[in-house]
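What follows is one structure encoded as structure tokens, with my remarks underneath.
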Amino acid sequence: MNLVHTQINKTNPKIHYGHQWIDEADIQAVVDVLRSDWITTGPKVSEFEQAVADYVGAEYAVAVNSGTAALHAAMYAVGVGPGDEVILPPMTFVATANCVVFQGATPVFADVEPDTLLVNPAEVESKITERTKAIIAVDYAGQPCDYNALRNIAKRHDLSLVADACHSIGAQFNGRNVGTLADLSVFSFHPVKHITTGEGGMVVTDETKFAERMRRFRNHGISMDSRQRADHGTWYYEMEDLGYNYRITDFQCALGLSQLQNLPAFLERRRQIAAQYDESFSRLPEVEALGLREGVLHAYHLYVVKTKYPVLNLGRAKFFRKMREKSVDVNVHYIPVHMQPFYRKYFNTNPGLCSVAETAYEGILSLPIFPAMKAADVQRVITATNATVAEMRKESI
Ligand SMILES: *Cc1c(COP(=O)(O)O)cnc(C)c1O
């Protein structure tokens, strides 16, 4: 793996919270496809799908042009529609809730556990009504949710369980791979995620009917794609349902295939960095790592700490500013989705609805973590964190 492009260690040595790794093999893979006959709906799409399905151990994979499109396809696959409710945690990116609204259904927010910030299964169960159709679990930061509890609840109430696994490819729960823990699991290949296709996403599942539905959905609801028509020598096609153009290109899938080769090394590096952070911050009472559940193998898309100050919000704001002044581009993941103006306006989701997530939000901070970080970069983040804590101890928030 020879890294060719990274923006760190140039003239402005800012360390972002996440950044892609692109090497010469990645570039060559894309160029090769650009010189080939198929640049979209070609052989690289199914090759990438098969490779990801094999990697996680799922039967089927359907690639689309974003993680958001993948979430939308999953909602469509399980039959979410107008009048339905889907339960999900608010500690996630807005797309997790938006995909429910795309299908004309209502997102219902279930609060998270205070230590892991993963959805609390008891909260999920308390939100079930006769309209509930599905649960979306979010493997926040890269730690799998409690899938034993969630699968039990889904089974007892006859609900579909979808994993928003955009943070957690390569993670495990009780020795089982993410991608095999829910009815459908969704990945994103945005540049900050573990592997990238520029933009892109995928849904993996063991259910034939879900895979078939999603293949139609990504192609306008048409039952045969252009390569199948070419193979069959026919002009005829049928549009069976309303779908979208959510297709991904072959050059993106070639990039994804090449990136997948590096995924084990990427995961290892992320885990190394996290272990270094854990070790350093265990000495700082003001900076607490998120809880790690027993039996999980974390994928560390994010490294989130809870800053602890008497006036939480003010403390975090100051911490954030001081870190950024030191060229460490910390971030905040996430503003609880139910607090967004859109959800407050159209779904009456006012503050107080998920108080654990809301309180956690006031203190959380995401520190840089990505495979292209060098040892010196990790050390800089640690030094900046120690210095910030020392300054704040003196200044008292
Ligand atoms: C990145 C992400 C998405 C959306 O993926 P895109 O590829 O950016 O559309 C959805 N959910 C979560 C939790 C994510 O982190």
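Residues take their numbers from the sequence shown, with the count starting at 1. Scope of the values below: all heavy atoms of this structure, side chains included, with no hydrogens, waters or symmetry mates. Ligands are counted one by one from 1 in listed order, and the atoms in each one are counted from 1 as well.
Note: His72 and Tyr246 have perpendicular aromatic rings, judged against thresholds of 30 and 60 degrees for the angle between ring planes. Between Phe93 and Tyr334, the ring planes are tilted. Angles from 30° to 60° get that label. Below 30°, between 30° and 60°, or above 60°: for Phe281 and Tyr303 the angle between ring planes is between 30° and 60°, a tilted geometry. Between His301 and His194, the ring planes lie tilted relative to each other; the angle falls in the 30° to 60° range.
Under 4.0 Å from ligand 1, heavy atoms of Thr68 appear from its side chain as well as its backbone. Neither the backbone nor the side chain of Phe187 comes within 4.0 Å of ligand 1, counting heavy atoms alone. Residue-level proximity to ligand 1 for Leu71 is carried by the side chain, the only part with a heavy atom below 4.0 angstrom. Looking at His301 against ligand 1, nothing comes within 4.0 Å, counting heavy atoms.
Among the candidates Pro89, Cys354, Pro336, the single residue satisfying the side chain to side chain contact (heavy atoms under 4.5 Å, CB included) test with Val112 is Pro89. The one candidate from Asp26, Thr196, Asp23 that meets the side chain to side chain donor-acceptor pair (under 3.5 Å) condition with Gln259 is Asp26.
Atoms of ligand 1 lying under 4.0 Å from any heavy atom of Lys193, numbered from 1 in the order shown and given with element: 1 (C), 2 (C), 3 (C), 14 (C), 15 (O). Within the listing of ligand 1, atoms 13 (C) sit less than 4.0 angstrom from a heavy atom of Thr92. Taking every heavy atom of Gly67 and a limit of under 4.0 angstrom, the matching atoms of ligand 1 come to 5 (O), 6 (P), 7 (O), 9 (O). The Thr96 neighbourhood of ligand 1 comprises atoms 11 (N), with distances under 4.0 Å to a heavy atom of that residue. The contact set between ligand 1 and Gly200, taken as ligand atoms under 4.0 Å from a residue heavy atom, comprises 7 (O). Ligand 1 places these atoms under 4.0 Å from at least one heavy atom of Tyr334: 15 (O).
Counted by atom type alone, Asp164 and Tyr140 present zero donor-acceptor pairs between their side chains at under 3.5 Å. With 3.5 Å as the limit, one finds a donor-acceptor pair spanning the side chains of Glu240 and Ser223.
Asp164 OD2, 2.8 Å is the protein heavy atom nearest to atom 11 (N) of ligand 1. Of all protein heavy atoms, the one lying nearest to atom 15 (O) of ligand 1 is His167 NE2, 2.8 Å. Closest to atom 5 (O) of ligand 1, if we only count protein heavy atoms, is Ser188 OG, 3.4 Å.
Annotation: side chain of Arg247 is not in contact with side chain of Asn65 (no heavy-atom distance under 4.5 Å).
In this structure, Ala70 has no heavy atom closer than 4.0 Å to ligand 1.
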